[in-house]
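A short write-up of the structure that comes next.
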Amino acid sequence: MTQETEASPNRPRKDRSPEPPARVRFAPSPTGYLHLGGLRTALFDWLWARHTGGQFILRVEDTDRRRYVPGSLEDAMQGLKWLGLEWDEGPDIGGPYGPYVQSQRRAIYQEYAEKLIQLGYAYRCYCTPERLEQVREEQRRRGEKPGYDRHCRTLSPEERARLEAEGLPSVVRFAVPLEGSTTFHDLLRGPITVQNRELQDMVLLKSDGLPTYHLAVVVDDHLMKITHVLRGQEWLATAPLHQLIYQAFGWEPPVFVHLPVILDPSGKGKMSKRKKVVDGKEYPTLVRDFIQAGYLPEAMFNYLATLGWSYAAEQEIFTREEAIQRFDLRDINPSPAAMNYEKLEWMNGVYIRELSPQELKERLIPYLSRDLGIDEETLRQDPRLDKLVPLIQERIKRLSEAGQWIDWAFVEAEAITYTDPKLLLGRKLDAAQSLAVLQAGLAILERIEPFEHQAIQDAFRAKAEEMGIKAGSFFGPFRGAITGKKVSPPLFESMEALGREEVVKRVRRAIAFLEEQLQAASEQA
RNA sequence: GCCCCCAUCGUCUAGUGGACCAGGACUCAGGCCUUUCAAGCCUGCAACAGGGGUUCGAAUCCCCUUGGGGGCACCA
């Protein structure tokens with residue numbers, strides 16, 4: 001047994017001092033169903049929490065009431081649970097820093113917004129959406145960068161008092177320094193500096209009293225003692241603003257980790273939440289659709305972890321525990337990664353083959369029930385399924401493919417049609433020869449004891465040799481007769497699973513069909 | 001348009017100045033096995049975007065160009 005040495009390509013990366021327990025959160029907004037990018041962010045969050053022995057927190061960022069999609073929070077929680085990402089604090093289980101739903105924290109944000117105003121880092125703005133749009137329109141026309149013109153930033157106290165007395169609705173905006181620059185640190189990219197003049201006086205508190213993301217995320221991450229903020233790269237541009245808000249409050253910012261976006265399979269463009277169509281093929285992007293398509297959570301876990309991170313130089317397949325042990329935020333690749341569905345499929349196949357047949361059967365049942373129209377309990381009791389599952393285990397890549405491999409076993413003989421004229425013909429055999437083969441085989445099938453795959457196969461091989469026909473050619477007509485397909489699970493095991501009665505019935509039907517064909521052909525001649 | 005980020009086979013990646021005429025995986029091609037289809041095994045194709053530096057030495061450090069991505073809301 002070779003010990004893993006320093007020179008091994010699978011050695012752990014750099015020696016690093018152990019990290020203190022981290023507090024990380026996954027903060028979905030219930031504005032749509034959970035998609036792959038969100039799930040990967042959650043996975044990295046969870047991995048880091050578990051690696052450091054810290055906490056993984058679920059927080060709901062529902063501050064946009066207009067875009068709320070009913071059921072999306074439940075969808076996100078289901079998706080996380082499906083992948084095995086259990087959270088330590090969250091809206092459903094509570095925790096020491098609750099509530100974990102932002103819409104229930106209004107008063108907190110208002111208090112902190114007020115504090116910023118008092119400190120001079122924020123101001124009330126009374127501009128109407130119409131005026132804002134007009135300003136942007138003019139800026140665009142002049143070829144300038146569109147943005148708020150800071151009209152209300154310089155209002156005199158008297159003017160403010162007047163507008164306030166009129167009862168005008170207002171928002172709270174952050175007062176970005178007019179000069180200088182702001183530097184924040186991204187764990188993967190190092191220090192990033194931007195000129196303050198590039199920044200906007202973003203809205204912190206909306207006129208409906210709810211905060212925007214910028215205020216809510218800073219306040220909550222601070223109050224909830226979040227140590228590492230993992231989020232999509234789309235937040236990189238506003239990170240300087242967040243840095244300024246931390247500074248204004250006098251708080252220590254967390255470690256920022258902006259994760260690279262996941263690109264669609266073509267490699268160009270972020271994967272959208274909708275199903276992606278590339279080269280005429282439709283790909284799932286929502287977690288629920290991946291579940292429907294029959295991907296295993298352990299395969300998805302493994303695959304997703306390799307999108308932007310790698311376990312070891314020469315090992316693609318690894319367990320949850322191994323991932324936890326080696327995962328390090330510093331090893332995340334900052335460049336965007338394209339989703340590779342073929343590799344996911346391959347990996348899913350690997351995990352399917354690793355399952356015990358019993359386990360696979362259990363996982364297959366919901367899909368088979370759906371696709372075959374048979375209720376789950378009936379399927380569970382059906383002894384044929386126990387024989388069939390091992391036969392398809394190394395043939396399916398997704399659970400949803402099982403139905404089309406074994407549907408023939410769950411229908412009446414009459415439902416098997418032989419409309420494809422080649423279906424019942426053995427390789428290099430004509431109709432008459434194939435008929436003779438079926439008749440010879442039928443005689444065996446009717447009386448062979450026991451009705452088991454090895455015995456049947458031995459008898460068939462002997463008969464084929466006797467008739468001077470290659471075994472493969474001899475078997476072909478039976479495959480067609482019994483399954484109605486050119487491609488099927490191994491023939492003799494399939495026969496055994498179906499049982500003598502049904503097998504004989506189907507072979508007889510096939511013989512009758514071929515006889516009819518030959519009859520019609522001779523009449524025509 | 002402006003700002004920011006990124007850059008190794010088609011794709012995911014290993015690689016942190018010499019052990020690299022660049023390793024693994026998916027895909028693809030060929031072969032073996034074989035009752036179809038798979039699975040498995042073997043072999044092969046295939047990359048450091050380009051140009052300048054720094055250095056005895058650069059995939060690795062710096063600059064420019066090019067390409068790709070992200071962002072520019074009272075959305076997150």
Side-chain angles (χ1 to χ4, degrees), chain A residues 7 9-10 13-14 27-29 31-32 61-64 66-67 125 127-129 132-133 136 140 143-148 169-173 186 188-189 192-195 198-200 202-208 210 212-214 216-217 231-240 258 260-261 263 265-270 303 306-317 333-347 349 353 392-397 405 426-427 457 460-461 464 470-476 478-480 483 485-492:
Chain A
N10 285 334
R13 295 215 174 65
K14 286 185 172 165
S29 68
T31 52
E61 310 215 325
D62 60 340
T63 55
D64 186 348
R66 288 179 21 248
R67 291 200 305 154
C125 166
C127 293
T128 62
L132 260 27
E133 187 43 50
R136 274 195 288 267
R140 266 193 291 269
E144 291 171 11
K145 186 182 167 80
Y148 181 53
S170 65
V171 301
V172 174
R173 285 182 183 274
D186 179 274
L188 308 180
R189 295 161 248 260
I192 296 172
T193 301
V194 298
Q195 297 303 311
E198 303 291 344
L199 269 22
Q200 299 281 325
M202 296 294 281
V203 170
L204 258 27
L205 205 61
K206 297 182 276 187
S207 56
D208 63 3
L210 281 167
T212 59
Y213 173 82
H214 310 298
V217 76
R231 67 208 329 185
Q233 200 196 61
E234 59 267 29
W235 293 110
L236 207 49
T238 43
H258 292 93
V261 294
L263 270 22
S266 70
K268 36 191 202 176
K270 178 165 131 174
Y303 177 74
T306 66
L307 221 50
W309 182 72
S310 78
Y311 176 75
E314 307 199 349
Q315 188 180 343
E316 309 290 322
I317 305 290
N333 186 159
S335 59
M339 175 69 192
N340 187 339
Y341 285 87
E342 279 109 9
K343 191 159 181 179
L344 206 215
E345 290 247 339
W346 164 76
M347 201 172 269
R353 276 171 251 131
I392 61 171
Q393 183 154 20
E394 60 190 29
R395 278 163 246 269
I396 59 171
K397 293 216 166 62
W405 276 97
R427 250 169 67 88
Q457 176 168 184
F460 268 50
R461 283 189 187 280
K470 289 187 73 173
S473 301
F474 190 93
F475 301 162
F478 294 93
R479 188 183 307 283
T483 68
K485 296 171 194 284
K486 267 280 173 212
V487 173
S488 80
L491 181 60
F492 302 105

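Note that these values count all heavy atoms, side chains included, but never hydrogens, waters or copies made by symmetry. All chains are named by letter (A, B, ...) in the order of the sequence lines, taking the proteins before the strands, and each is independently numbered beginning at 1.
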Taking atom CZ of A:Phe492 and atom CZ of A:Phe460, what is their separation to the nearest 0.5 Å?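 Separation between the atoms: 6.0 Å.
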
Separation between the [atom1] atoms of [N] and [M], rounded to whole Å:
N     : M     : atom1 : result
B:A49 : B:A7  : P     : 10 Å
B:A25 : B:C42 : P     : 9 Å
B:C6  : B:U13 : C1'   : 16 Å
B:U55 : B:U60 : C1'   : 13 Å
B:G24 : B:G15 : P     : 15 Å
B:A58 : B:G18 : P     : 12 Å
B:C9  : B:G69 : P     : 16 Å
B:A29 : B:C45 : C1'   : 7 Å

Taking atom CZ of A:Arg140 as the centre, does the number of heavy atoms from other residues, nucleotides or ligands within less than 6.0 Å exceed 12? yes

Count the heavy atoms of every other residue, nucleotide or ligand shown that sit under 6.0 Å from NZ of A:Lys485, and state whether that count exceeds 12. yes

Ignoring the backbone of [X], work out which of [options] is nearest its side chain.
X        : options             : value
A:Glu198 : B:C6, B:C2, B:U35   : B:C2
A:Trp346 : B:A25, B:U36, B:G40 : B:A25
A:Leu236 : B:C4, B:A39, B:U35  : B:C4
A:Phe492 : B:U11, B:U27, B:U35 : B:U35
A:Arg395 : B:C37, B:U35, B:A39 : B:C37
A:Ile192 : B:C4, B:G69, B:U35  : B:C4
A:Lys343 : B:U13, B:G24, B:U11 : B:G24

To the nearest Å, give me how far apart CD (A:Glu314) and C1' (B:A22) are.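 A:Glu314 atom CD is separated from B:A22 atom C1' by 12 Å.
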
Expressed in angstrom and rounded to an integer, what is the separation of A:Lys486 atom NZ from B:A38 atom P? 15 Å

A:Asp186: partners by salt bridge (charged side-chain N to carboxylate O under 4.0 Å, His left out), with sequence neighbours left out: A:Arg189

Can you find a donor-acceptor pair, distance only, under 3.5 Å between A:Arg189 side chain and B:C5 base?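 A donor-acceptor contact between them is absent.
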
Checking all strands, does A:Arg353 fall into the base, sugar-phosphate, or nothing category for heavy-atom contacts under 4.0 angstrom? sugar-phosphate

Between A:Glu342 and A:Lys397, is there a side-chain N and carboxylate O pair less than 4.0 Å apart?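 A:Lys397 and A:Glu342: not salt-bridged.
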
A:Thr212 side chain reached by A:Asp64 side chain, heavy atoms, under 4.5 Å: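 No, side chains not in contact.
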
Taking the side chain as every heavy atom from C-beta outward, state whether A:Val203 and A:Tyr148 have any pair of such atoms under 4.5 Å apart.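 No. Closest side-chain heavy atoms not under 4.5 Å.
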
Mapping A:Gln457 and A:Leu307 to their closest nucleotides on RNA chain B, which lands nearer the 5' end? A:Leu307

RNA chain B: A:Arg461 or A:Met339, which has the more 5' nearest nucleotide? A:Met339

Quick one: is B:A14 close enough that its OP1 or OP2 comes under 4.0 Å of any side-chain N or O from A:Ser310?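 Yes.
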
Could you list the residues that satisfy ring pair (Phe, Tyr, Trp, His ring centres under 6.0 Å) with A:Tyr213, not counting sequence neighbours? A:Trp235, A:His242

Reading 5' to 3' through nucleotides 71-76 of chain B, protein heavy-atom contacts under 4.0 Å coded B for base, S for sugar-phosphate only, - for none: SS-BBB

